[in-house]
Amino acid sequence: MTVRVRMAPSPTGFLHVGTARAALYNWLYARHNGGTFIVRIDDTDLERSTKEYEDEILGSFRWLGLEWDEGIEVGGPHGSYRQSDRMGRYAELAGGLVESGHAYYDDRSAEELETLRQRAQAEGKHPGHYIRRSERKADGGVIRLSIPQDDPVEFNDLIRGNLSFAPVDIDDFVILRSNGTPTYHLASTVDDLDYQITHVARGEDLLPSTPKHILLTRALGGSEPVYAHLPLLFGTDGKKLSKRHGATALAEYREQGFLPAAMFNYLAILGWSPDGETTIFSREEAVEKFDLVNVSKNPAAFDPEKLAWMNGEYIRAMDTTVFAQLVRPFVEAELGRELESDEWETFGEIAPLVQERTRLLPEAGNQVMFLFEDFDSYDEPSWDKVMTKDGVAAVLEQGRQVIEGLGSWNAESVETALRAMPEKLGIGAGKTFQPLRVAVTGSSVSPPLFESIAALGQGKTLERIDRARAKLG
RNA sequence: GGUCCCGUCGUCCAGAGGCCUAGGACGCCGGCCUUUCAAGCCGGAAACGCCGGUUCGAAUCCGGUCGGGACUGCCA
């Protein structure tokens, strides 16, 4: 059997990281099995669905590298992959189910149903006791599926094993709304059938709906796909993932400077691992080893800290020229202008040193801003903490002389010259270099000092020292 | 309330009866390196929810219990 899986986002919001992970697992399963990965748009909720969200979601899939073989914007042998284009199909099938006795019209109001529910509970009966009815009594309203009350609905979930649901616990759910549009249950089930989906891997929140989908599938004369219910994603505190835990939209991570490869790896490791020892792995390795049956049953906590660490791993592993190119837009955005070609070269000089200490791309930008922009604020507290104002002044004066007297200009010559200072001043290396670092970069935390000074240039370095001395008073 | 799912370090993953004095990763703590911050290296604290049962032997099987979660919409 050729594997055909699908991802069916509803364009009613930005792509949530949980949905992204579900998409990722579907994609991995398809690639691992040489199957087909389909993206369809579940926009039966016409009120809330928008084209903007749809574009955003598709863009996020592409960013993650989840290219799809069939579906929206790609096409395929089954017509439109947008549910709003297939409304007629759903209504027709729902009507057919009424004809065949599998479903019925129901024009009872919500109040009526609530009354019946309460009455059943008051009498100690199943809440749906008086609600369920198989005989046709109305010509309008919604269409509900009539649940056969004989056998339990059983199925084998790829992740959770054998599951069984008693028919009394499955209510006669609505498949077609009174306005003639399908509910999620109907549209999704019909599409899975029409597009010949073989495996449905989706969030565990849909586990209780699965018996409904199975019964609907059978009523439509089809046979159900294999299901795999993925564990849900939570915040590190075990609560539902929300803004409090950081971003929930995949696009936000992209904007924050996360790499798609790192995000891919992190999402994959959140509920699955190739062997229990390996944490960092390539897309190819994941494809090679992935299987839905090995996905964890436990809910997973989305930890932005670990994601950031992983992003740093990917940044350090990449080619330095690629790294520099990725950082460039962040620097230019901060600067509010484009980098001159000589500035770009300057940046290139210390890019390798910056790369080592970067977890997120924008951080890299911040580390090199001192090369392109003057500043007025200094990390002064750290000066005072370790030494007196006079001590700092002495270091800066001495440093200025050393820099000014330098003939050849490169990191080695700068280092050799500055290294002689501590002994001359009779203080430690730290007390010598920190004031210089702050004077030149404005911060007590910066890339390595000698290389930074070399990249900045002799003239500018002297300028910076003078500015700092003036500031010191 | 009802139905269902889940339960190994703070967090993620490994473990499918003896290889477990429970392994890897993030984070945390300490050390080395060092001009700062990182990175790197070394070391450390840290978990099988609980109670029974099966077995020579259980994190692994069974039952119960407790805890967490999802669903219970003419939303998906």
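All heavy atoms count here, side chains included; hydrogens, waters and symmetry mates do not. Chain letters run A, B, ... following the sequence lines, proteins first and then strands; every chain starts at 1.
Using a 4.0 Å heavy-atom criterion, one finds that Arg316(A) contacts the sugar-phosphate atoms exclusively. Contacts of Ser178(A) with the nucleic acid, taken as non-hydrogen atoms under 4.0 Å apart, include base atoms. Here Leu207(A) lies in heavy-atom contact (under 4.0 Å) with sugar-phosphate atoms only. Residue contacts for Pro231(A): at a heavy-atom cut-off of 4.0 Å it reaches no nucleic acid atom on any strand shown. Residue contacts for His229(A): at a heavy-atom cut-off of 4.0 Å it reaches no nucleic acid atom on any strand shown. In this structure, Leu232(A) reaches the sugar-phosphate backbone alone: every heavy-atom distance under 4.0 Å involves primed, P, OP1 or OP2 atoms, never a base. Looking at heavy-atom distances under 4.0 Å, Ile280(A) makes no contact with the nucleic acid at all. Among the protein residues, Val142(A) comes within range of the nucleic acid bases, having at least one heavy atom under 4.0 Å from a base atom. If you check every strand for non-hydrogen atoms under 4.0 Å, Phe450(A) touches a base.
Look at Asp171(A) and Arg144(A) and you find no salt bridge, because none of the NZ, NE, NH1 or NH2 atoms lies under 4.0 Å from a carboxylate O.
For the P atom pair drawn from C29(B) and A39(B), the interatomic distance equals 13 Å after rounding to whole Å. C71(B) and G63(B) have their C1' atoms separated by 26 Å, given to the nearest Å. A distance of about 38 Å separates the C1' atoms of C75(B) and G64(B), rounded to the whole Å. Comparing G49(B) with C6(B), their C1' atoms sit 13 Å apart, to the nearest whole Å. Comparing the same atom, C1', in C4(B) and in G10(B) gives a spacing of 29 Å after rounding to whole Å. Going from the P atom of C61(B) to that of G7(B) covers 10 Å, rounded to whole Å. Distance noted for atom P between G73(B) and U3(B): 16 Å (whole Å). Rounded to whole Å, the separation between the C1' atoms of A25(B) and U21(B) comes to 22 Å.
Scanning atom types as modelled, no donor and acceptor separated by under 3.5 angstrom connect the side chain of Arg160(A) and the base of C5(B).
Residues Arg437(A) and Thr441(A) have side chains that never bring a donor and an acceptor to within less than 3.5 angstrom of each other.
Note on Asn298(A): a side-chain N or O is less than 4.0 Å away from OP1 or OP2 of G7(B). The side chain of Arg357(A) contributes no N or O atom lying less than 4.0 Å from OP1 or OP2 of U34(B). Between A76(B) and Thr44(A), a contact under 4.0 Å exists linking OP1 or OP2 to a side-chain N or O.
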Nucleic acid footprint by protein, nucleotides 14-31 of chain B - heavy-atom cut-off 4.0 Å, B for base, S for sugar-phosphate alone: S--------BBBSS----
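Nearer to the 5' terminus of RNA chain B, by closest-nucleotide assignment, is the contact made by Tyr266(A) (compared with the other of Pro447(A) and Tyr266(A)).
With Ser273(A) contributing its side chain and Ile269(A) its backbone, the two residues share no donor-acceptor pair below 3.5 Å. Looking only at distances, no side-chain donor or acceptor of Ser188(A) sits under 3.5 Å from a matching main-chain atom of His185(A). His199(A) contributes no side-chain N or O that, together with a main-chain N or O of Val5(A), makes up a donor-acceptor pair within less than 3.5 Å.
The closest side-chain heavy-atom distance from Leu145(A) to Tyr104(A) is not below 4.5 Å.
In this structure, Lys424(A) and Gln398(A) approach most closely via the heavy-atom pair CD-OE1, 3.5 Å.
Rounded to whole Å, the distance from CG on Asp171(A) to P on G1(B) is 19 Å. Rounded to whole Å, the distance from CD1 on Ile131(A) to C1' on U72(B) is 11 Å.
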